[in-house]
2 protein chains.
Amino acid sequence: MDTQADRATTAHRSARDERRVVRPPIDLGEQRYRVERQIGYLLRRAHQRASAIFQEQIGDPNITPTQFSSLVKLHEDGEVSQNQLGRLVGMDKATTQGVMRRLKTRNLVSARADPGDARRTLLRLTAEGDRLVQRLIIAGPRVTTETLKPLNPDEQRQLVNLLARIA
Amino acid sequence: MDTQADRATTAHRSARDERRVVRPPIDLGEQRYRVERQIGYLLRRAHQRASAIFQEQIGDPNITPTQFSSLVKLHEDGEVSQNQLGRLVGMDKATTQGVMRRLKTRNLVSARADPGDARRTLLRLTAEGDRLVQRLIIAGPRVTTETLKPLNPDEQRQLVNLLARIA
DNA sequence: GCCTGATTGTTCGCTTACGAACAATATCGC
DNA sequence: GCGATATTGTTCGTAAGCGAACAATCAGGC
């Protein structure tokens with residue numbers, strides 16, 4: 001068989017040619033595999049777009065989506081241990097360590113040893129961190145609105161509910 | 001006002017306490033802001049889970065989702081320039097450079113200068129890369145199946161369609 | 001008490017992701 | 001032909017994300 005990807009498909013194209021010689025997608029029995037319809041691919045793309053919208057709407061170029069989630073959770077819960085916060089926000093413990101290190105450097109979060117468990121570090125917002133959350137959270141709903149703009153309200157609710165079930 | 005997050009909420013807890021003193025979410029007029037219902041947060045979590053399922057189903061621990069998408073696209077299109085591939089797969093040009101560098105190092109992709117445009121680098125699969133795609137693509141549908149398992153077929157179609165519209 | 005196993009947090013290495021700056025090249029208007 | 005503008009690909013810096021290894025500490029069983 002000749003599954004080699006080198007038929008004479010690349011005859012001659014003009015320099016800024018964006019058309020490409022498209023071969024049919026790989027045939028897998030009855031269903032064809034198209035990357036653009038795979039859930040993982042779509043989630044990656046949608047997440048990229050959502051992050052971009054977050055950055056442009058939130059106003060502060062130094063705050064990332066993950067940092068924002070962490071700060072909001074700390075605001076709600078007051079004081080939690082580092083791993084606990086990671087679980088609440090969906091971060092690996094190595095990731096959590098990095099995110100918290102950066103927030104502590106910027107004086108948005110403070111840490112102290114847990115008096116009841118020497119392994120743990122308790123985290124909380126500083127006064128500055130608290131002020132920042134209060135200020136940024138106003139933009140939160142705008143991020144969601146803008147990200148979901150292509151859908152009508154009914155579809156927006158559907159999407160959120162379906163996503164919550166596979167997350 | 002006392003918006004400071006330091007009421008006596010942290011009285012005394014047992015050491016391995018996972019219950020936390022939950023404050024009500026921040027009130028923003030009529031709607032409350034809950035991180036767990038924000039589209040960006042859900043997309044991040046769902047994407048994490050999908051990536052984990054990809055890694056466990058694809059069989060090859062050295063192939064990432066992004067690399068897989070790139071390889072499949074190269075298989076379909078034969079030969080494309082680097083930036084072109086990036087656009088097809090949804091990668092920044094800096095990201096594309098990194099991904100391609102690693103695939104070239106592993107001898108899965110080869111590159112040559114575009115004879116018609118000295119700025120461009122044309123990429124294609126090597127024979128080894130082609131064989132790898134043929135082998136891995138079998139697992140592709142399994143990844144999707146597993147990721148969408150919590151939903152029934154109707155909901156699965158809905159989710160894919162909605163995601164495609166906000167991606 | 002002591003030993004085993006679990007949890008906590010750190011560190012290392014690697015990948016994706018992206019903004020910004022940059023040099024080389026191509027294109028378009030005139 | 002020439003100059004302004006755009007595209008291509010590289011490099012640098014920074015962040016999220018995660019597996020793996022590690023030391024310190026805790027909890028449970030006996």
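Chain A is the first sequence line, chain B the second, and so forth, proteins listed ahead of strands; every chain is numbered from 1.
- To the nearest angstrom, P of D:dA27 lies 6 Å from CG of A:Asp117.
- Following rounding to the nearest Å, B:Phe68 (CZ) and C:dT15 (C1') show an atom-to-atom distance of 18 Å.
- We find that B:Glu79 and B:Arg112 are joined by a salt bridge, their nearest charged nitrogen and carboxylate oxygen being less than 4.0 Å apart.
- In this structure, B:Arg44 reaches the sugar-phosphate backbone alone: every heavy-atom distance under 4.0 Å involves primed, P, OP1 or OP2 atoms, never a base.
- Atom pair B:Asp114:CG and D:dT7:P shows a separation of 17 Å (rounding to whole Å applied).
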All N/O contacts under 3.5 Å from nucleotides 3-7 of chain C to the protein, with atom names and distances to one decimal?
{"from": "C:dT7", "atom 1": "O2", "to": "A:Arg119", "atom 2": "NH1", "distance (Å)": "3.1"}

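- In this structure, A:Ile58 is not a member of the same hydrophobic cluster as A:Leu148, with clusters built from ILVMFWY side-chain heavy atoms closer than 4.5 Å.
- For B:Gln55, no side-chain nitrogen or oxygen approaches OP1 or OP2 of D:dC18 to under 4.0 Å.
- Mapping B:Gly98 and B:Lys93 onto DNA chain C by nearest heavy atom places B:Gly98 closer to the 5' end of the strand.
- The CG atom of A:Asp92 sits 15 Å away from the C1' atom of C:dT16 (whole-angstrom rounding).
- Between B:Gln97 and C:dT16 there is no side-chain N or O to OP1 or OP2 distance below 4.0 Å.
- Ion pairing between a basic and an acidic side chain is recognised when a charged N comes within 4.0 Å of a carboxylate O; B:Glu146 and B:Arg49 show no such pairing.
- Ring pair A:Tyr33/B:Phe68 is perpendicular by interplanar angle, where above 60° counts as perpendicular and below 30° as parallel.
- In this structure, A:Gly90 and A:Ala118 both approach DNA chain D, and ranking their closest nucleotides by distance from the 5' end singles out A:Gly90.
- For the pair B:Gln48 and D:dG17, the criterion of a side-chain N or O lying under 4.0 Å from OP1 or OP2 is met.
- The distance from atom CD1 of A:Ile63 to atom P of D:dT14 is 17 Å, rounded to the nearest whole Å.
- Here the CZ-OG1 distance, from A:Arg101 to A:Thr96, works out to 12.0 Å after rounding to the nearest 0.5 Å.
- Side-chain atoms of A:Glu128 and A:Leu108, non-hydrogen and from C-beta on, do get closer than 4.5 Å to each other.
- Of the two residues near DNA chain C, A:Ala52 and A:Lys104, the one whose nearest nucleotide lies more 5' is A:Lys104.
- A close approach under 4.0 Å does not occur between any side-chain nitrogen or oxygen of A:Thr66 and OP1 or OP2 of D:dA15.
- Listed pair B:Thr64 / C:dT16 meets the phosphate criterion, a side-chain N or O lying under 4.0 Å from OP1 or OP2.
- Separating the CD1 atom of B:Ile58 from the C1' atom of C:dT15 is a distance of 17 Å, rounded to the nearest angstrom.
- A distance of 11.0 Å separates CZ in A:Arg87 from CD in A:Gln82, rounded to the nearest 0.5 Å.
- Residue A:Thr95 has its side chain nearest to D:dA16 when only D:dA16, C:dA26, D:dT10 are considered.
- For the pair B:Arg101 and D:dG9, the criterion of a side-chain N or O lying under 4.0 Å from OP1 or OP2 is not met.
- In this structure, the CE atom of B:Met91 is 15 Å from the C1' atom of D:dT8, given to the nearest Å.
- The side chain to side chain contact (heavy atoms under 4.5 Å, CB included) with A:Leu71 is formed by just one residue from the set A:Val99, A:Val133, A:Leu136; it is A:Val133.
- As a whole-Å value, the separation of B:Gln84 CD from D:dT8 P is 8 Å.
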